[in-house]
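Structure first, commentary second.
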Amino acid sequence: MPVSRKTGRNYKYEYNNYDTPERKKKRAMRNKARRMMTRAGLAKKGDGKDVDHRDMNAANNKRSNLRVIPAATNRRRQPKVKGPYKKHK
């Protein structure tokens with residue numbers, strides 16, 4: 001099995017065993033949005049920017065719902081994860 005040299009993780013194994021069909025579909029929709037913006041000339045590979053869905057719905061890839069913003073800004077505006085997670089100190 002191929003293992004990443006930097007992290008020691010087997011990403012292929014994780015993808016095949018832990019990714020749900022719903023998660024795969026959402027990732028495909030986000031990738032589609034990025035391709036659309038790249039073809040429109042608004043985003044480039046390695047530009048450090050993200051394609052943001054204004055309504056935070058990855059399935060809504062209408063041009064009016066998409067914009068290119070810096071990655072740091074996009075990370076800040078994501079909804080907070082709710083759950084029984086503990087903060088590490």
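Owing to the predicted nature of the structure, the values given are computational and were not obtained by experimental measurement.
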(request) Give a yes or no on whether the backbone of Lys12 and the side-chain of Asn16 come within a donor-acceptor separation of less than 3.5 Å. (result) yes
(message) Has Asn61 got a side-chain atom pairing as donor or acceptor with Met29's backbone, closer than 3.5 angstrom?
(response) yes
(message) Quick test of your reading: applying salt bridge (Lys or Arg N to Asp or Glu O under 4.0 Å), list the pairs with at least one residue in residues 48-60, sequence neighbours left out, ordered by first then second residue.
(response) Asp50-Arg75, Asp52-Arg67, Asp52-Arg77
(request) Kindly work out whether a path of hydrophobic side-chain contacts (I/L/V/M/F/W/Y, heavy atoms less than 4.5 Å apart) joins Val68 to Met36. (result) yes
(message) According to salt bridge (charged side-chain N to carboxylate O under 4.0 Å, His left out), who are the partners of Lys62, at least two apart in sequence or on a separate chain?
(response) none
(message) Strictly distance-based, threshold 3.5 Å: is any side-chain N or O of Thr38 a donor or acceptor partner for the main-chain N or O of Arg34?
(response) yes
(message) Rounded to the nearest 0.5 Å, what separates atom CG in Asn60 from atom CG in Leu66?
(response) 7.5 Å
Kindly list each side-chain donor-acceptor pair under 3.5 angstrom involving residues 20-28, sequence neighbours excluded, with atom names and distances?
unit_1: Thr20; atom_1: OG1; unit_2: Arg23; atom_2: N; d: 3.2
unit_1: Arg23; atom_1: NH1; unit_2: Asp19; atom_2: OD1; d: 3.2
unit_1: Arg27; atom_1: NH2; unit_2: Asp19; atom_2: OD2; d: 2.8

(message) For Lys44, is there any backbone N or O sitting under 3.5 Å from a side-chain donor or acceptor partner on Asp47?
(response) yes
